[in-house]
Enquirer: 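The structure that follows is given in the form of C-alpha cells.
The basis for the numbers below is simple: all heavy atoms, side chains too, and nothing from hydrogens, waters or symmetry mates. Counting convention: from 1, in listed order, for ligands and their atoms alike.
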Amino acid sequence: MPSYAYFQKNFMPLEEAKVGVMTHFLHYGTGIFEGIRANWNAKKKQAFIFRLQEHIERLANGCKVLNIKLPLTVDQICQKAVELIAMCGFEEDVYLRPLAYTSSANLGVRLHNIDHDFLMFAFPWGPYLDKDKVHCGVSSWHRPEDNVNPPQVKSTGIYINNALAKTEAINNGYDEAICLSPAGHVSEGSGENIFLVAKGKLLTPAPYNNILIGITRNSVMELAKNELGVETVERSISRAELYFADECFLTGTAAHVTPVSEIDHRKVGNGEIGPITAKLQEIYAKVIRGDHPKYMQWCTPVTKK
Ligand code: PMP
C-alpha cells in the first residue's frame with residue numbers, strides 16, 4: 001500500500017516529496033512538527049484520528065514562537081489530514097507527521113526574512129515502546145530551560161536533547177529516559193510525559209517543569225477524573241518521589257499509556273502493572289479507537305477513498 005504526502009500544496013506519493021540540501025531548516029532545526037495517530041478500528045472498518053484539532057493547534061502555537069507563517073489555517077490542515085489518511089487507505093494504525101519549516105534555500109541563522117512551507121505525510125506505525133512494561137533510567141541530560149529552547153514548543157531542533165537522552169538510556173540498558181528539569185525536578189521522557197500514582201492520586205510534572213504539554217497527558221487526566229474519579233495533581237516532583245511511587249506510567253501519542261516497572265534498577269511498587277495504570281490503559285485504548293461513545297468528539301473518523 002503506497003504512502004502519500006502533502007507537499008508544496010499537492011498530494012503526491014511519499015517518495016516524490018523531497019527537499020533540497022540547502023533547505024534552511026535542515027541546517028538549523030527551525031521546524032515545528034506534530035505526531036498524530038489515526039487508529040484503525042477493525043470492527044467499524046474505519047480509522048479515527050485522535051484529537052487532530054488539538055495537535056494542529058499546538059503546531060500553530062509553535063509556529064508563532066518560531067515566526068513561521070502557516071500557509072493554511074488550522075481547519076484547512078485538519079481537512080488535508082483527513083484527505084491524506086483517506087488517500088493512503090491503510091487498514092492498520094497510522095502515524096501522521098505534519099511539519100512546518102523554514103524552506104528557503106538560503107543559509108544563515110535566523111527566523112526573519114525567510115520563506116516557510118508546510119508538509120505532512122502518513123505511514124503505518126504500531127506500538128512505539130513495544131513492551132508490556134518498561135525500565136527507565138534518570139538521564140544525565142536535563143530538559144532545556146524555557147529561555148534556552150522552550151520545551152512547550154515541539155520544534156525539530158529541541159529533539160537533539162531528547163535523542164541524547166534516549167540513546168544514553170538504551171546504551172545503559174534501559175528502555176526509556178526520564179529527564180529532569182534544569183532545577184532538578186522530574187520533567188518527562190524522551191517522547192512521553194510521566195505520571196506517578198501516589199496515595200491513590202495521580203501526580204504529574206506541571207507545565208513549569210519544562211515539559212511538552214502532551215495531548216495524551218491531558219486525555220489521561222480527563223479519563224482518570226471522569227471514569228475513575230481520580231484527580232491529578234500537577235506539581236514539581238523530586239527524583240526520590242519516583243522511587244516511592246506506587247505506580248508509574250508514560251503517556252504519548254506514540255507510546256499510548258506505557259507502564260513503568262523499574263526506575264534506576266528500583267522496582268516501581270511490586271514491579272507489576274498497577275491497577276490504576278491498567279484501568280487507564282484499557283479505557284484509553286477504547287477511546288482512541290472510537291470505541292467509547294462518551295469521547296467520540298476526540299475522534300475524527302476517516303473513510304477510505
Ligand atoms: N513529551 C515529549 C518530549 C514528546 O516528544 C511527546 C510526544 N509528542 C510528549 C511529551 C507527549 O505528547 P503527546 O501526548 O501530545 O503526544
Enquirer: Check Arg58 against ligand 1 and report side chain, backbone, both or neither, counting heavy atoms closer than 4.0 Å.
Expert: side chain

Enquirer: When you look for heavy atoms under 4.0 Å from ligand 1, do you find them on the side chain of Ile211, its backbone, both, or neither?
Expert: neither

Enquirer: Counting both backbone and side chain atoms, is some N or O of His55 under 3.5 Å from an N or O of ligand 1?
Expert: no

Enquirer: May I ask you to test the Leu212-Lys154 pair for a side-chain heavy-atom distance under 4.5 Å?
Expert: yes

Enquirer: Does ligand 1 have an atom under 4.0 Å from some heavy atom of Gly191?
Expert: yes

Enquirer: Between Arg217 and Glu234, does any NZ, NE, NH1 or NH2 come within less than 4.0 Å of an OD or OE carboxylate oxygen?
Expert: yes

Enquirer: Can you find a pair of side-chain heavy atoms, one from Tyr95 and one from Ile36, that are under 4.5 Å apart?
Expert: no

Enquirer: Looking at atom 11 (C) of ligand 1, what's its closest protein heavy atom, distance included?
Expert: Asn193 OD1, 3.7 Å

Enquirer: Determine whether Leu96 and Ile85 make a side-chain contact, defined as any pair of heavy atoms from C-beta on separated by less than 4.5 Å.
Expert: yes

Enquirer: Hey, are Asp246 and Lys199 close enough for a salt bridge, meaning a charged N less than 4.0 Å from a carboxylate O?
Expert: no

Enquirer: Is Glu188 close to ligand 1, meaning an N/O of one under 3.5 Å from an N/O of the other?
Expert: yes

Enquirer: Do any heavy atoms of Ser190 fall under 4.0 Å from ligand 1?
Expert: yes

Enquirer: Taking Arg97 first and then Glu34, would you say they form a salt bridge - that is, a charged N and a carboxylate O separated by under 4.0 Å?
Expert: no

